[in-house]
Each structure stands twice: as C-alpha cells, then as structure tokens.
**Student:** 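Got a structure here, written out as structure tokens. Questions coming.
Sequence lines set the chain letters: A, B, ... in the order given, protein chains first and strands last, and positions in each chain run from 1.
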2 protein chains.
Amino acid sequence: MERTTIKNIAEQAGVSITTVSCVLNGREMRISNATKKKVIKIANELDYHPNQLAVGLITKKTNTIGLIIPDISNTFFGELAKGAENRAAELGYNVFLCNTNDSTEKDLDYLRALLDRGVDGVILVPSGRGKDEKSPECFKLLDSCQKSFVILDRTKTGDKYLGISLDHKGGGFIATDYLIKNGHKKIGCITGPLGMLNSYRRYQGYVEALSKAGIKYDDCLVKEGNYHISDGVELAESLFRKKVTAIFACNDLMAFGVFQAARKRGLRIPEDLSIVGFDDITYSEFMEVPLTTIRQPALEMGKCAVEKVVEMINNPDYKRDKIIFEPKLIERNSVKNIGGDTDGSKERA
Amino acid sequence: MERTTIKNIAEQAGVSITTVSCVLNGREMRISNATKKKVIKIANELDYHPNQLAVGLITKKTNTIGLIIPDISNTFFGELAKGAENRAAELGYNVFLCNTNDSTEKDLDYLRALLDRGVDGVILVPSGRGKDEKSPECFKLLDSCQKSFVILDRTKTGDKYLGISLDHKGGGFIATDYLIKNGHKKIGCITGPLGMLNSYRRYQGYVEALSKAGIKYDDCLVKEGNYHISDGVELAESLFRKKVTAIFACNDLMAFGVFQAARKRGLRIPEDLSIVGFDDITYSEFMEVPLTTIRQPALEMGKCAVEKVVEMINNPDYKRDKIIFEPKLIERNSVKNIGGDTDGSKERA
DNA sequence: CTGAAAGCGCTTACAG
DNA sequence: CTGAAAGCGCTTACAG
C-alpha cells in the first residue's frame, strides 16, 4: 500500500496534476464542476493526504513548531508543554518536543535540528544557570535564522525577544509579605540557583518585602538550592538551626523537601513551622498539609506561547512585546498566624 | 540571511552539486582530496546544514518518530515521554509529541498527521476506555501504513503488535498479597476504568491474591474510578463505611485522594488505614506518609519503546514480540502490619 | 575523478 | 476551464 500521490489521482481522473492540485487547494481558476467533483471523489476513494515534506519544501511552511524544554517530566514544564501542544493542535500545528535536560548544548543542537526541519517557529525555555557556554551561540542562531520564536518562562532582562514569563519578583514579594502579615519575622528563604534570573527575582521579592516591613535582612537565613526536593531537605536543616518560624521555598518541590525535613525533626506544620512555596503544581494541594503557594498559570503560559509564535508567523513584523503573567497567592494550610495584623491572616489547624 | 544550499556551495567551489552532495555524504567515488577539502571548507564557512525536508522527500527517511500520548502533564506519561525523547536524541531521531487528552479521535488525527510528515516510526499509547469509536480506524491505519510502530503501556491482549507494557496483573497481585501478608482481610480496591485492559488486569491481580489466600471476594469492596485524585477522594468514603482496614488504589493519584479523604475523616495512616498505590510517581515518596506502591519503570519503558521502533526501522522484519516489564513493590510507610505472618511485614509508625 | 539528468511529491506562475 | 513547465533542495544511478 504505497501512499497515493497527486499523480495517481491525476491519472485516474484523466486530468493533469495541476488540475488536481488546484481543486484540492481550492485555487480560484473556475474549474468545471464536473472535473472538480471527479477529482474530489477519487481523492477520497484513494484516501489521499498530501505529503507534507513536499508541501513544506515548496511552500516554505510546515505548520510545525519546535518546543525546547529543560525537563518534560517536571510537572511545571509538563503543563507548559501540554498547554502549548493543545493550543498548537487547535491552530493546526504539530510540535516537535525537545528535552534538553537543562543543557545549553542541547538547546543549540535542537535548535539547529528544528531549523533543518523547517519549523515555522520555535518556543524556547532556555537551559542553564546563567553563565552557559552554548547559550550565546543559541541566541545568535535564533537572531539570524529569521524565524518566529518566543522565549518562555526563562526570559532575560532587557532582551529584545518576545518573552513570556511571570512577575517572579512580585511573586516572591507576595509570598514573603503574606508570611510577614501572619506575624513572622524570622523567615528563611530557600532560593533557586541565583544565576538564573527568575530565581534571583523571587529572591529580590523576598528582600523587598522584608525591607518594606522594616525587618532586617539576614544573609544567614538565605540558602541557595537547585529546585530539587533534596535541596529542600538539606537546606531546611540549617534553617531550623537558625530558629526560623517560617520558610519561603522558591518552588513547591523544595517546599516538599522542607515538609520532609520538618517531619524528621518532629516539627509540625504549620504549628511549628510555616511554609510558602512557588508554582502551585498539581500535587501541592494534596500534601499532608495542603501547601500555601504562589501560582504560576503554566497551562495558560504554554498556550500563550504558541498563540504568540503563530501570530508572529502570520505577521512577521509583529511587535515583540513582553508578556508578564501575574503571580497569585493560593492560600491553603501551611501557614500559621503567629500574631500579625489580621488582614491576610488565616486561622486553621 | 537565507539558508545556504548545496547549490551555493557548488557555485563557490566551482563544482557540480553532485560533487558537493557526494563529498558531504561521504559517497565512495574517489573524489580528489583537493576538491573534497575545498567543498568541506566552504560548507563550514557557509554553515551549511541540509534541508531535511528535501532529504526526507528523496530518501524516504526523516529520522523522526511520532509519540502519541494521552496526557503529557500526567507524571507517569511525562516520564515515559522523557525516557523516549532522550533515547531518541541519542539515536539521532527527533520526536513529534502528540497529546490526545485521551481522545481516540485525536489518536487518529495525529497518526494521519505524523504519516503525512513522513515519520519513520510511531509510538502509540492508545487513548480511551476500551469501546472507542475511532480506535479501530486508528489500528487499521497503523496496519496498512507500513510503518514501524510500537504500542506502549496500553497494549491489547493477543494483538499482533509489538507491545511494551508492565505485568499489571502481577502488580495487582503483589500489592494485594502484601496487604494480606500484613494481616489485612477486609481490603478495598479502587480500580481504574475496567474497560481498559491494564486497569482490569490490576483488578484481576487483586481478585487472584484474595482467592489464593482464601479470602472471600466481596464486590461491595470494589469501586471503579478513573485514575484521578478526585476519584480516590470520593470512592474512599464509601469504602470507609464498609470498614475496610486497607485499600489498594490502582494508581498513586487515587491513593493521594484516599489520603485526603482519610485526613478529612480523622483516619490516621497507616494506624487506622493501610494503603498501597500503583505507579510510584515521583511524589509518592514525599507524601505525608511515604506511599507504599507498585513501581512501573516509566523512564525505561519510554526508552525501550524508542529502541524497539528504531530496531524495526532498521530491520523491517524484526520480530514483533511483547516486552513485559516487571512490577516491583516499593515498601514505604503506608501499610501497617495488623497481625499477619511475619515475612513481608514491616513495623513502623 | 566529475557532472548532467532524472526524480522525490508537490505548487504556482504562465500560456493557452 | 486546463495543462506544460519550472522549481523547492536534495540524492543517485549513469555516463563519461
């Protein structure tokens, strides 16, 4: 069963391939209704589907988008990808998924591969920790390749690209401020890698909330992690020793780690320790004590990313603005009011 | 900056495109070292990368694999996808990710799209609940399209395809048997949709373990869910009323739901209720009480799937066997020994 | 050692 | 209303 081609149809219909192509593509050349019907009928009978390689080669349009992501098994990125993929399908695009394991070298390799495959646009969640070897090359290629692309989540400050991200600083602020409003003064912070801008911004939000409340910043209360559960476990330990009453974990995974460390130490949450996370991944709601956290709308962000690339594809001089999603506090049960002002407070547990 | 083509190189080098193609592809035609070097040098200077659409069109090989999956944001599938994607990259393949939201119609649409794009093989995790409208069409197409493919996870019994899955019945047996060995006799079971073979098999394992232990099967103790956390919450309630001492939840997500329902009811785990899950997703280890569960090696299964398609691609008459991964009991803290025999028991909490 | 030619499956001016 | 021809960017016999 070879695939049927336009040529097969032409032969059976006794017309030229030009005619077949035209009726199948609805070209306006007033083709007689008779041959039009005949061609369509035969095409259906033969279950004709155009070879997209050939179409792409000639039209320079593949209806294909590349999605480069650090770790698809990470729930946050998984939702980003899902949002993107679903929206792409709605808009008639297929997506190439590229998993980089946070290696900028793979960013570059994949970008090349995508370009070689003629994708119409690419969505990039850049790998790495800030000072990456291949990152500059990757962006250079992006600049020169004339393709539509958007930087998702891990945008750079002041860059000239269409970037989609969250107000991470605002998120860090809200999280810390909420803790402060609940009477906490000795607040630990487990950050992500500070070389990554988003991590740094969350940390800045923490600093700013402290400062605004007139609480003296203490560097000993800040620990740099790497967004893994294990970091939460380890770094929480040293924070416990400093007698913090609350911890702002810069992602939910590390917050889970804190839960675990607390359990081991016999600390009850939120009675003995309050926690706020960041991301609001699906599982946060189902932890032993449902986690209060800052929500990132991952699904919508992924969706937005493909909408933007597609807009750029259809309109090459589309304005490359920045799209900043709003962080949102999701109040659950991991924070205890230990005597702050009443607004924003919440008694439970 | 147009992409450089083979023609550009040929012009600059003053040779034919045939020559360029040959040296770049290492064809054995004893091309003089001089022109060989010249061509390569120019190709590098111009940063030449072959247009894969053209290559694919002519060679009928795209080094591309389609991966059709029900829900990429589900941790289990996310890991499957990650394993697949990483291994594909190692083997020189790019993957098209297709997210079906468990719709067989999308299975079919995507399969068509993949075929139109000339993928060399496809990995399918079929959608649906058993009695699906589009499922037969999808398999018919798979049969007739002459492509290498493997059915992953949701294999059908007795089908003639290369299927990769787990011994689900064995897993259900191990889970239930473990509960029995820990002295439980009144064991509830929250199943997946029984129209899905894998779900049914897990349930069969439960039935078999009961029977082997001489415990009378009670249909009131079995509730059919849909693998969502919410199912766990709801169905656990009715099981509590039946006074079960243990619950086998047929996936970890529903086990999380049971945790939540138990919490609401003031039931302690494992003191008042023992639970065993299925899948061993990342988060299970970090629940309030680390979940005892049956592990599915998702990463390896994804990896295996691409290895098999690639083998089939390279060797069209590759034997289409079945690959069955072994389920493995992961003992953690959600089961209490209430007086069973000592082997397999575990005192904690 | 090298090139002209055909062709992969399509689209699109252009000419009847 | 319809078709011959050129061409997308490549590969591969085939002929020198």
**Student:** Kindly compute the distance separating OH (Tyr93(A)) from CG (Leu67(A)), expressed to the nearest 0.5 Å.
**Tutor:** 15.0 Å

**Student:** Consider side chain to side chain donor-acceptor pair (under 3.5 Å). Of Glu133(A), Lys134(A), Glu137(A), which one does Thr104(A) pass it with?
**Tutor:** Glu133(A)

**Student:** Check whether any side-chain nitrogen or oxygen of Thr19(A) sits under 4.0 Å from OP1 or OP2 of dG3(D), and answer yes or no.
**Tutor:** yes

**Student:** If the cut-off is 4.0 Å, is Ser16(A) near the phosphate of dA4(D), judged by side-chain N/O to OP1 or OP2?
**Tutor:** no

**Student:** Would Leu141(A) and Ser144(A) count as a side chain to side chain contact (heavy atoms under 4.5 Å, CB included) here? Give the steps.
**Tutor:** CA-CA 5 Å; Leu141(A) 182 52; Ser144(A) 63; 4.2 Å; yes

**Student:** What is the per-nucleotide protein-contact pattern of nucleotides 9-16 of chain D, from the 5' end, where B denotes a base atom under 4.0 Å from a protein heavy atom, S denotes such proximity for sugar-phosphate atoms only, and - denotes neither?
**Tutor:** BBBBBB--

**Student:** In chain order, what residues pass the ring-ring contact (aromatic ring centres under 6.0 Å, His included) check against Phe149(A), with sequence neighbours excluded?
**Tutor:** Tyr161(A)

**Student:** Got a salt bridge between Asp102(B) and Arg154(B), using NZ or NE/NH1/NH2 to carboxylate O under 4.0 Å?
**Tutor:** yes

**Student:** Go through Lys82(B) and Asp71(A) one step at a time and tell me if the side chain to side chain contact (heavy atoms under 4.5 Å, CB included) criterion holds.
**Tutor:** CA-CA 8 Å; Lys82(B) 182 180 179 176; Asp71(A) 179 6; 3.2 Å; yes

**Student:** Do Asp107(B) and Ser127(B) meet the criterion of a side-chain donor-acceptor pair at a distance under 3.5 Å?
**Tutor:** yes

**Student:** Stems in DNA chain D: runs of 3 or more consecutive Watson-Crick or G-U pairs, distances under 3.5 Å?
**Tutor:** C:1-3 with D:14-16, C:5-12 with D:5-12, C:14-16 with D:1-3

**Student:** Ser16(B) and Thr19(B): side-chain donor and acceptor closer than 3.5 Å?
**Tutor:** yes

**Student:** Does the side chain of Ser32(A) get closer than 4.0 angstrom to OP1 or OP2 of dT2(D) through an N or O atom?
**Tutor:** yes

